[in-house]
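In what follows, a single structure is set out as structure tokens and then discussed.
All values derive from a computational prediction rather than experimental measurement.
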Amino acid sequence: MKKFKDVSWKQHELGKGNIQGLLTLDNGIELSIVAGTGMYSAGKTGVRGPVDNVKDVSSFEVAIFDQDGEFIPADDDMVLGWQSREDIDKLIQIHS
């Protein structure tokens, strides 16, 4: 089973200070995991502050998409904020 460690990271399209990780599960569900300026995340620069390296992030914002690219809502919200690495591993397990 895939885990947080399997996420591929890049700079978010918003630019410097924002990162995005994508993980597609075997069933086609995709997790978009982001952190950075203005996002529901925290890192060494503080809450919702800029980050350029996943190692500097303590919590992330996560959006989940079905096989057709449609949002899978979480708790009446489109995204889940402040998710730890362990929380993300649980989301991966739930949606696998």
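- Within the 3.5 Å criterion, the main-chain N or O of His12 finds no donor-acceptor partner in the side chain of Gln20.
- Asp87 places a side-chain N or O within donor-acceptor distance of the main-chain N or O of Ser84, the cut-off being under 3.5 Å.
- Put simply, the side chain of Lys2 reaches to within 4.5 Å of the side chain of Asp26, judged on heavy atoms.
- In this model, no donor atom of one side chain and acceptor atom of the other lie less than 3.5 Å apart for Gln83 and Ser59.
- Here the side chain of Asp66 pairs a donor or acceptor atom with the backbone of Asp68 at under 3.5 angstrom.
- Looking at heavy atoms from C-beta onward, Phe71 lies out of side-chain contact with Ile64 at the 4.5 angstrom threshold.
- Formation of a donor-acceptor pair under 3.5 Å by the Glu30 side chain with backbone atoms of Leu22 is not found in this model.
- Looking at every heavy atom in both residues, Val79 comes nearest to Ala63 through CG1-CB, 3.9 Å.
- Phe4 and Trp9 have tilted rings, their planes meeting at an angle from 30° to 60° on a 0 to 90° scale.
- No donor-acceptor pair under 3.5 Å is formed between the side chain of Ser41 and the backbone N or O of Glu61.
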Exercise for the section: Report the C-alpha distance between His95 and Ile72 in whole Å, list the side-chain angles of each, state the deciding distance to 0.1 Å, and finish with yes or no for side chain to side chain contact (heavy atoms under 4.5 Å, CB included). Expected result: CA-CA 10 Å; His95 291 283; Ile72 297 176; 4.3 Å; yes
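- The 12-atom threshold is exceeded at CZ of Phe65, counting heavy atoms of other residues, nucleotides or ligands nearer than 6.0 Å.
- Considering only heavy atoms from C-beta on, Val57 stays 4.5 Å or farther from Lys44 through its side chain.
- At least one side-chain heavy atom of Leu80 sits less than 4.5 Å from a side-chain heavy atom of Leu91.
- Annotation: the span from Ser32 atom OG to Phe60 atom CZ amounts to 12.0 Å, rounded to 0.5 Å.
- Side-chain contact check for Asn18 versus Val34: every heavy-atom pair is 4.5 Å or farther apart.
- The distance from atom OG1 of Thr24 to atom CG of Asp6, rounded to the nearest 0.5 Å, is 11.5 Å.
- Proximity of Leu23 to Ile92: side-chain heavy atoms (C-beta onward) are separated by under 4.5 Å at one or more points.
- For the pair Val47/Tyr40, no side-chain contact is recorded, criterion being any heavy-atom separation below 4.5 Å from C-beta on.
- Looking only at distances, no side-chain donor or acceptor of Lys3 sits under 3.5 Å from a matching main-chain atom of Gln93.
- Residue Leu14 comes nearest to Met39 through the heavy atom pair CD1-CE, 3.7 Å, listed as atom of the first residue, atom of the second, then distance.
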